[in-house]
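Please read these numbers as outputs of a predicted model, since none were measured by experiment.
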Amino acid sequence: MFGVYIICLTYFLFFAESTGRTFEGRTYHYNLELFKEIRRFIVYRHTLGTQAVLLNLVGNIVAFVPFGFFLPILYPKCRNFLYTVFFSFEVSLAVETVQLVSKVGSFDVDDMLLNTIGGALGCLIFYWMNRIRRNYETKEKKRF
């Protein structure tokens, strides 16, 4: 499942024309000011449209939730919350850098923040589901 997620994420981050990922006529775009694009999407939400705002703000978070969820499953060292947050940030930094260099997107620190939040939420979901699983197993053991 993690492999399928990575393939889909790669497609949407680098190749999906519906998200403006084309190689024609692109120049370098970047935002190094934290909250600049987030603020722009909120202030101009009526002009940009709900779909664009949700795709940018919520989409960047949701895109990395599976990463934060699967990482602790695949790598037990990442069951430490800070490790998962750090790796989510690192992967987001790598993605943003490749987008800048390849000119198929923009390097945006706001995207890195939102992606890292998504990874952190995914890790919290992992903790929550793991706790439910352990409680269920404990109840089953007591029953027998």
Side-chain angles (χ1 to χ4, degrees), residues 1-140:
M1 286 178 62
F2 186 67
V4 171
Y5 160 72
I6 293 296
I7 290 168
C8 291
L9 185 65
T10 301
Y11 172 75
F12 283 107
L13 291 175
F14 299 110
F15 303 108
E17 289 182 15
S18 63
T19 57
R21 310 291 186 216
T22 60
F23 291 97
E24 297 176 18
R26 293 291 301 193
T27 59
Y28 294 108
H29 295 279
Y30 56 90
N31 168 38
L32 302 176
E33 183 183 329
L34 193 58
F35 299 114
K36 179 181 178 180
E37 287 298 307
I38 293 172
R39 189 177 325 108
R40 184 177 72 85
F41 272 94
I42 292 171
V43 169
Y44 297 106
R45 67 188 175 277
H46 299 296
T47 305
L48 296 169
T50 305
Q51 183 179 2
V53 173
L54 289 177
L55 184 64
N56 190 299
L57 301 181
V58 178
N60 276 308
I61 293 172
V62 170
F64 269 70
V65 169
F67 185 82
F69 179 80
F70 284 123
L71 205 60
I73 293 170
L74 297 171
Y75 303 103
K77 186 175 185 178
C78 289
R79 292 190 180 160
N80 178 321
F81 180 75
L82 292 179
Y83 275 116
T84 300
V85 170
F86 179 71
F87 285 127
S88 296
F89 174 79
E90 279 186 327
V91 169
S92 181
L93 175 61
V95 164
E96 295 296 320
T97 303
V98 170
Q99 285 181 340
L100 176 68
V101 171
S102 64
K103 299 179 186 178
V104 293
S106 63
F107 184 97
D108 189 349
V109 294
D110 290 343
D111 287 353
M112 290 171 43
L113 173 67
L114 295 170
N115 293 343
T116 304
I117 290 170
L121 286 174
C123 186
L124 293 174
I125 292 168
F126 165 78
Y127 286 151
W128 177 66
M129 292 184 75
N130 200 31
R131 178 179 229 165
I132 290 171
R133 180 191 57 82
R134 282 193 312 244
N135 287 341
Y136 176 78
E137 288 175 354
T138 302
K139 287 178 184 177
E140 286 297 310

Going by heavy atoms in the side chains, are [X] and [Y] under 4.5 Å from each other?
| X | Y | result |
| --- | --- | --- |
| Ile42 | Val53 | no |
| Leu113 | Phe35 | yes |
| Asn31 | Phe107 | no |
| Leu9 | Phe67 | no |
| Phe64 | Ile117 | no |
| Leu121 | Ile61 | yes |
| Asp111 | Asn56 | yes |
| Met112 | Leu93 | yes |

Between [X] and [Y], what is the ring plane arrangement, given parallel below 30°, perpendicular above 60°, and tilted in between?
| X | Y | result |
| --- | --- | --- |
| Phe70 | Tyr5 | tilted |
| Phe81 | Tyr127 | tilted |
| Tyr83 | Phe87 | parallel |

Next item on the list: Determine yes or no for a side-chain-to-main-chain donor-acceptor pair under 3.5 angstrom, with Asp110 supplying the side chain and Lys36 the backbone.
Entry: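 Checking the backbone N and O of Lys36 against the side chain of Asp110, a donor-acceptor pair under 3.5 Å is found.
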Item checked: Thr10 side-chain N/O to Ile6 backbone N/O, donor-acceptor pair under 3.5 Å ->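 It does hold such a pair.
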Roughly how far, to the nearest 0.5 Å, is [atom2] of [Y] from [atom1] of [X]?
| X | Y | atom1 | atom2 | value |
| --- | --- | --- | --- | --- |
| Thr84 | Lys77 | OG1 | NZ | 11.5 Å |
| Cys123 | Trp128 | SG | CH2 | 14.5 Å |
| Tyr11 | Ile7 | OH | CD1 | 13.5 Å |
| Glu37 | Leu57 | CD | CG | 9.5 Å |
| Asn60 | Ser92 | CG | OG | 7.5 Å |
| Glu33 | Ile38 | CD | CD1 | 11.0 Å |

[atom1]/[X]: more than 12 non-hydrogen atoms of other groups inside 6.0 Å:
| X | atom1 | value |
| --- | --- | --- |
| Arg133 | CZ | yes |
| Tyr44 | OH | no |
| Phe41 | CZ | yes |

Next item on the list: Tell me, with the steps shown, if Asp108 and Glu96 meet side chain to side chain contact (heavy atoms under 4.5 Å, CB included).
Entry: CA-CA 7 Å; Asp108 189 349; Glu96 295 296 320; 4.0 Å; yes
Item checked: Electrostatic pair Glu137-Arg134, nearest N-O below 4.0 angstrom -> no
Note to self: Quick check: closest heavy atoms across Tyr30 and Leu100, and the distance to 0.1 Å?
What the structure shows: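 Taking every non-hydrogen atom into account, CB-CD1, 4.3 Å.
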Checklist line | Closest contact, heavy atoms only, Leu32 versus Val109 | finding: C-CG2, 3.7 Å
